[in-house]
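See below for the structure under consideration.
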Number of protein chains: 2
Amino acid sequence: MTTAPPSVDVREHILSTAHLIMSGKGFSGVGLNEILRAAHVPKGSFYHYFASKEAFGEALLTRYFEHYLKQMDETFDHAGNGRDQLVAYFEMWAENQSASHPESNCLVVKLAAEVSDLSDTMRRALKAGTDAIVARLTGAVTAGQRDGSIGLKEPAAAVALSLYQSWLGASLIAKIAHNDTPLAAALAETRHRLAIT
Amino acid sequence: MTTAPPSVDVREHILSTAHLIMSGKGFSGVGLNEILRAAHVPKGSFYHYFASKEAFGEALLTRYFEHYLKQMDETFDHAGNGRDQLVAYFEMWAENQSASHPESNCLVVKLAAEVSDLSDTMRRALKAGTDAIVARLTGAVTAGQRDGSIGLKEPAAAVALSLYQSWLGASLIAKIAHNDTPLAAALAETRHRLAIT
DNA sequence: CCGCCCTCTAGACGACTGGTCTAATCGTCC
DNA sequence: GGACGATTAGACCAGTCGTCTAGAGGGCGG
């Protein structure tokens, strides 16, 4: 699909092509051949940049979380109080996870279950990434509790983890239903949970 | 000579063997060869019982939900009020999803993300099954609201779906963390949510 | 300008597995 | 024995991941 010959950063090009394909077919469901054909990169190059498919998967996840966390930080920076930060973030999630943009779907939702039992290194990449996400959410909850925009008394970390898990579950159900209403419902519920009573 | 219908037995045997293996390796991650070897069933027999790997996957899910819903009904029958029914069910979930019993892990958690984009028939099996689960949960929430064991005012269906999604998410995180504490936390939070204020 | 070295590309190849299908065998009953 | 459906054996080829040799390209010292 992607045609540009990026002799500059082939590694990055392979990774971004793979992200596209794997967010549809999963990890075991795609072969290196298909990815490399789509990226117009010969097989010989692949094993120059990556030691194995597993190492490649780990790199894919690491790269994904890097981008993701950066975007998350930007979203938080552009929002006001703690509650607004969280709402803006989950609005973004709902949009990205929509069935109409399969390429921006969350890789945690897509790959976690498949890959956690398959490869310990990939599992650890997933763990590090999700921990970082929850840490940032915890920061926003704490900020919201301090600035008065969030009234919940429970520990910030517990609230953050619970929100994150709910959205993972809602995304899974949205995938099964092939329908975005679970995401809209999750957004409404999140707003409700964070509202000052 | 009541010749027991062996075709049913073999079919069932293949399915139960596959359940075991796939709950570890996923759908695309296992080949028919491995499943059939493990089940001591010759490869040639497979296409006598199933039309394709996809149809096989659909049968696997259907069978899984049949067992699952039956067990769910039994759990509900042995519990008292609506809240107790839900608590008993989620206690069972936490136990089955434990990392130490990978064979009883939830197939929805394991396969939903991988399979929903891969096969529409499998996606629909997943949808029918999860809808049935949420319907039963909704029944228990309604019962609890009626018998006074649940104080929540929100619509029963919304509560049920939200609980189910939270548990899917918690199970995913537990898989990533390779650790059961997220499930214990989910159980505590569920209890808290359902407690009379 | 040349030759050298090292990075990167190229893709054939091997050993194996994937799902699928046809042709033959088996078991049972008439 | 003959017929016939249920069951199996194994061929089939496209695909898998990974290896390997051969060479193109660019930078640099001289």
Side-chain angles (χ1 to χ4, degrees), chain A residues 1-19 21-22 24-61 63 111 114-115 117-122, chain B residues 1-22 24-61 111 114-115 117-123 125:
Chain A
M1 300 295 169
T2 31
T3 51
S7 47
V8 249
D9 205 350
V10 175
R11 198 188 122 101
E12 166 64 21
H13 179 60
I14 301 176
L15 285 170
S16 82
T17 307
H19 179 161
I21 302 182
M22 281 191 178
K25 301 196 178 187
F27 184 77
S28 302
V30 209
L32 266 12
N33 277 324
E34 181 178 352
I35 295 170
L36 296 172
R37 210 181 309 126
H40 300 104
V41 168
K43 191 109 159 244
S45 297
F46 179 86
Y47 282 91
H48 174 70
Y49 294 104
F50 306 100
S52 65
K53 194 189 183 188
E54 183 182 3
F56 173 66
E58 189 192 348
L60 183 82
L61 289 170
R63 186 195 92 109
L111 297 180
E114 180 187 357
V115 139
D117 299 320
L118 190 68
S119 149
D120 223 58
T121 65
M122 292 179 75
Chain B
M1 187 110 29
T2 57
T3 53
S7 50
V8 172
D9 283 345
V10 172
R11 200 187 121 99
E12 165 63 22
H13 180 59
I14 299 175
L15 285 170
S16 81
T17 306
H19 179 161
L20 237 67
I21 301 182
M22 282 190 178
K25 301 197 179 187
F27 184 75
S28 302
V30 207
L32 267 12
N33 274 323
E34 182 178 350
I35 295 169
L36 296 169
R37 212 179 307 125
H40 300 104
V41 169
K43 191 171 183 180
S45 298
F46 181 84
Y47 281 87
H48 174 69
Y49 297 103
F50 305 100
S52 65
K53 195 191 183 188
E54 183 183 3
F56 172 66
E58 189 193 349
L60 184 80
L61 290 170
L111 298 180
E114 180 187 357
V115 140
D117 300 319
L118 190 69
S119 150
D120 222 58
T121 64
M122 290 178 76
R123 206 205 82 230

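All chains are named by letter (A, B, ...) in the order of the sequence lines, taking the proteins before the strands, and each is independently numbered beginning at 1.
Distance, A/L118 CG to D/dC17 P: 12 Å, rounded to whole Å. One atom, NE2 of A/H13, and another, P of C/dT9, lie 11 Å apart when rounded to the nearest Å. If you take CD of B/E34 and P of D/dT16, they are 18 Å apart, rounded to a whole angstrom. Put simply, CZ on B/F56 is 17 Å from P on C/dC21, counting in whole angstrom units. A straight line from CG of B/L36 to P of D/dG10 spans 15 Å, rounded to a whole angstrom. Atom CZ in A/F50 sits about 12 Å away from atom P in C/dC8, given to the nearest Å. Atom CG of B/L32 and atom C1' of D/dA9 are 16 Å apart (whole Å). Taking atom CG of B/N33 as the reference point, atom P of C/dA15 lies 19 Å away to the nearest angstrom.
Taken from CG in B/D117 to CE in B/M122, the straight-line distance is 12.0 Å, to the nearest 0.5 Å.
Comparing D/dG18, C/dT9, D/dG10 against the side chain of B/K43 picks out D/dG10 as the nearest. Nearest to the side chain of A/H48, among C/dG11, D/dT16, C/dT7, sits C/dT7. Across D/dT8, C/dG11, D/dG18, the shortest atom-to-atom separation from the side chain of A/Y47 is found for D/dG18.
Judged by distance alone, with hydrogens and angles left aside, the side-chain atoms of B/E114 form a donor-acceptor pair with the main-chain N or O of B/F27 at under 3.5 Å.
The side-chain heavy atoms of A/D9 and A/H13, taken from C-beta on, include no pair separated by under 4.5 Å.
Contact annotation for A/V30: backbone-only contact, meaning every heavy-atom pair under 4.0 Å involves sugar-phosphate atoms and none involves a base. Counting non-hydrogen atoms under 4.0 angstrom, B/K53 reaches the backbone sugars and phosphates but no base. Residue-level contact check: A/G44 touches the bases, meaning some heavy atom is under 4.0 Å from a base atom.
Residues A/S52 and B/F46 each lie close to DNA chain D; by heavy-atom proximity, the contact nearer the 5' end of the strand is made by B/F46.
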